[in-house]
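To start, the structure itself, in structure tokens.
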Amino acid sequence: QVRLVESGGGLVQPGGSLRLSCAASGSIFRINTMGWYRQAPGKQRELVANITSGAITNYADSVKGRFTISRDNANKMVSLQMNSLNPEDTAVYYCYADIRRPTWSSSYDYWGQGTQVTSSS
């Protein structure tokens, strides 16, 4: 079994910062890409940022220059540092990881339960 557990969401004033973290655990052979999606009320889930096992990063245009994704391969963790938050960043943020389990020939996406991020005055 594989689990992704997120932490770090909350309420912050516009212009503030938050840091999200996500830890993977369970029967894992290899973790490929890890990242974050978000879903605001009434909108589709959208990619925020992801990072490959080789530390190549990719960001949505709306967060470039404000958010930074990083990962700790030894501890199977991915983090998202979010600066200069604005109300448009308000959403539930979901961690995901492309994971290959022992004896499996393919990898699959696993998801966290989501954490609420709200930017409001």
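Because the structure is predicted, anything quoted here is derived from the model rather than measured.
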Which pair of heavy atoms, one from [X] and one from [Y], lies closest together, and at what distance?
X      : Y      : result
Leu47  : Trp36  : CD1-O, 3.6 Å
Ile31  : Arg71  : O-NH2, 3.3 Å
Ser121 : Pro14  : N-CD, 3.7 Å
Gly114 : Glu6   : N-OE1, 2.6 Å
Val5   : Gln113 : CA-OE1, 4.0 Å
Val78  : Cys95  : CG1-SG, 3.8 Å

Any non-hydrogen side-chain atom of [X] less than 4.5 Å from a side-chain atom of [Y]?
X     : Y      : value
Asp89 : Arg66  : yes
Cys22 : Ser79  : no
Val92 : Thr115 : no
Phe67 : Leu85  : yes
Gln44 : Gln39  : no
Leu11 : Ser120 : yes
Asn50 : Met34  : no
Ser25 : Lys76  : no

### Task
Would you check if the side chain of Tyr59 reaches a backbone N or O of Ile69 as a donor-acceptor pair within less than 3.5 Å?
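Flag set: sc Tyr59 to bb Ile69 pair under 3.5 Å.
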### Query
Does the Asn75 side chain pair with the main chain of Met77, one donor and one acceptor, at a distance under 3.5 Å?
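Checking the backbone N and O of Met77 against the side chain of Asn75, no donor-acceptor pair under 3.5 Å is found.
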### Query
Under the disulfide (SG to SG under 2.5 Å) rule, what pairs show up with a residue in residues 33-91, not counting sequence neighbours?
none
If you measure from [atom1] on [X] to [atom2] on [Y], what distance do you get to the nearest 0.5 Å?
X     : Y      : atom1 : atom2 : answer
Gln13 : Thr118 : CD    : OG1   : 13.0 Å
Asp98 : Thr52  : CG    : OG1   : 11.0 Å
Lys43 : Arg38  : NZ    : CZ    : 8.0 Å

### Task
Report the C-alpha separation of Ile28 and Arg30 in whole Å, then their side-chain angles, then the decisive distance to 0.1 Å, and conclude whether the side-chain contact (heavy atoms from CB on, under 4.5 Å) test is met.
CA-CA 6 Å; Ile28 296 171; Arg30 183 174 64 217; 5.8 Å; no
### Query
Has Arg3 got more than 12 heavy atoms of other residues, nucleotides or ligands less than 6.0 Å from its CZ?
no
### Task
Would you check if there is a donor-acceptor pair between the side chains of Glu88 and Thr90 at a distance under 3.5 Å?
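No donor-acceptor contact under 3.5 Å links the two side chains.
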Hphob cluster co-occupancy, [X] + [Y], side-chain heavy atoms under 4.5 angstrom:
X      : Y      : result
Tyr110 : Val48  : yes
Leu20  : Tyr94  : no
Ile99  : Trp104 : yes

### Task
Kindly determine whether Ser17 and Asn83 satisfy side chain to side chain donor-acceptor pair (under 3.5 Å), including the steps that lead there.
CA-CA 4 Å; Ser17 299; Asn83 299 328; 2.9 Å; yes
### From CA spacing to verdict: side-chain contact (heavy atoms from CB on, under 4.5 Å), Arg100, Phe29
CA-CA 6 Å; Arg100 180 179 168 186; Phe29 175 72; 3.9 Å; yes
#### Entry: By salt bridge (charged side-chain N to carboxylate O under 4.0 Å, His left out) - contacts of Lys64 (at least two apart)
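Partners of Lys64 under the salt bridge (charged side-chain N to carboxylate O under 4.0 Å, His left out) test: Asp61.
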### Task
Could I get the full list of ring-ring contact (aromatic ring centres under 6.0 Å, His included) partners for Tyr96, not counting sequence neighbours?
Tyr37, Trp111
